[in-house]
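One structure below.
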Amino acid sequence: MTQTANPSGKPVTRLCTHTLTSLHYRDANLVEDLMGKATFTEVMLMQILGRKPRPVDMRITDVVLIVLMEHGLTPSAIATRLIYMSAPENLQGAVSAGLLAVGSSFVGTMENCSQLLDRVLAADDPDAEAQAIARHYRAQKAAVPGFGHHLHKPVDPRAYKLLELAGAEPELGGERIRALKRLSAAVDEAAGRPITINATGAVAALLGEIGVPTAVMRGFAVISRAAGLVAHIVEEQASPSGRFIWDTVEHAIPYVGNAPAGDAP
């Protein structure tokens, strides 16, 4: 990300300013330069990365955002539906409840994987580092971030389509994609069988290829999943499932304490 020095040492912002007759996003006039001329993805990348995005940056970002938008009734979607059932006047609260589930176990795991790619790329011996990472997770009996999937077997088709699309972009250097493949080989060797790269593993490599820092990557999951959660609310409005989910959980998880049992339904 581009950054210029601030001689005063005081906090500043470079994201937005306004006058009585204009509003600017960074140095671009919102009305004259952006509205009707730029896409949401283009302006989003300009704001986040602090530079004018290339066409390849927008293509990669668009496909990443599409991939991350939806995965059915995952914890984030269930949380959104239940909160919307409880407070239907508060759509933004329901969406934000779902976004709180974007983390190191679901949706946001590209950050975890990218941290490993950073380690591989920084190592004097990248192959040895990849093998050390794979052996460590194997010893912990834990999944390597960015690898494996409980629903998609033998491979996560999203991941390999993402890598295929990135491979067709000559402007990408390919360094982080090669690091991912090096780590994938080490993961397979440690497991003694092929382990799929999953979607967030591929996303980590692709976002890194266009210059998104590791610490910012989870933000792209938040942006994308917010759209998917709004769609879940639209469906909840038309075909409510929140009460059904609540009732299902209440009956599926019995009370086993010493208090008197309630009447059976």
Exercise for the section: Please collect all salt bridge (Lys or Arg N to Asp or Glu O under 4.0 Å) contacts where either partner lies in residues 181-192, sequence neighbours excluded, each pair once. Expected result: D127-R182
Problem - salt bridge (Lys or Arg N to Asp or Glu O under 4.0 Å) pairs, two or more places apart, involving residues 66-83 - result: R81-E235, R81-E236
Less than 3.5 Å apart, which donor and acceptor atoms pair up between the side chains of residues 159-173 and the rest of the protein, not counting sequence neighbours?
| unit_1 | atom_1 | unit_2 | atom_2 | d |
| --- | --- | --- | --- | --- |
| Y160 | OH | I197 | N | 3.0 |
| E169 | OE1 | R59 | NH2 | 2.8 |
| E169 | OE2 | R59 | NE | 2.8 |

Practice task
State whether the number of non-hydrogen atoms from other residues, nucleotides or ligands found under 6.0 Å of D125 atom CG is greater than 12.
Solution key: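 Enclosed: over 12 neighbouring heavy atoms sit under 6.0 Å from CG of D125.
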Exercise for the section: Could you tell me the separation between the CG atom of L180 and the CG atom of L116, rounded to the nearest 0.5 Å? Expected result: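 It is 10.0 Å, given to the nearest 0.5 Å.
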Fill in the blank from the handout: Distance col, row H232:NE2 vs I78:CD1, nearest 0.5 angstrom, shows 9.5 Å
Problem - Side-chain touch L68/M110, heavy atoms, less than 4.5 angstrom - result: yes
Practice task
Would you mind reporting whether Q237 and Y84 have side-chain heavy atoms less than 4.5 Å apart?
Solution key: yes
Problem - Closest contact, heavy atoms only, A190 versus R138 - result: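 Scanning both residues completely, I find the closest heavy atoms to be O-NE, 3.6 Å.
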Exercise for the section: Return the minimal non-hydrogen interatomic distance between D118 and R176, and the atom names on each side. Expected result: OD1-NH2, 2.9 Å
Practice task
Would you please say whether a donor-acceptor pair under 3.5 Å links the side chains of T41 and T39?
Solution key: no
Practice task
Taking side-chain hydrogen bond (donor to acceptor under 3.5 Å, both in side chains) as the test, write out the residues that go with S96, two or more places apart.
Solution key: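 Per chain and number, S96 pairs via side-chain hydrogen bond (donor to acceptor under 3.5 Å, both in side chains) with no residue.
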Completion exercise
Besides V43, the hydrophobic cluster formed by Ile, Leu, Val, Met, Phe, Trp and Tyr side chains linked at under 4.5 Å, directly or via other members, contains L23, Y25, L30, V31, L34, M35, M46
Handout entry: Salt bridge present between R51 and D57 (N-O < 4.0 angstrom)
Key = yes
Problem - Sidechain N-carboxylate O distance under 4.0 Å for D247, R243 - result: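 Yes.
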Completion exercise
For R135, the salt bridge (Lys or Arg N to Asp or Glu O under 4.0 Å) test, sequence neighbours excluded, returns none
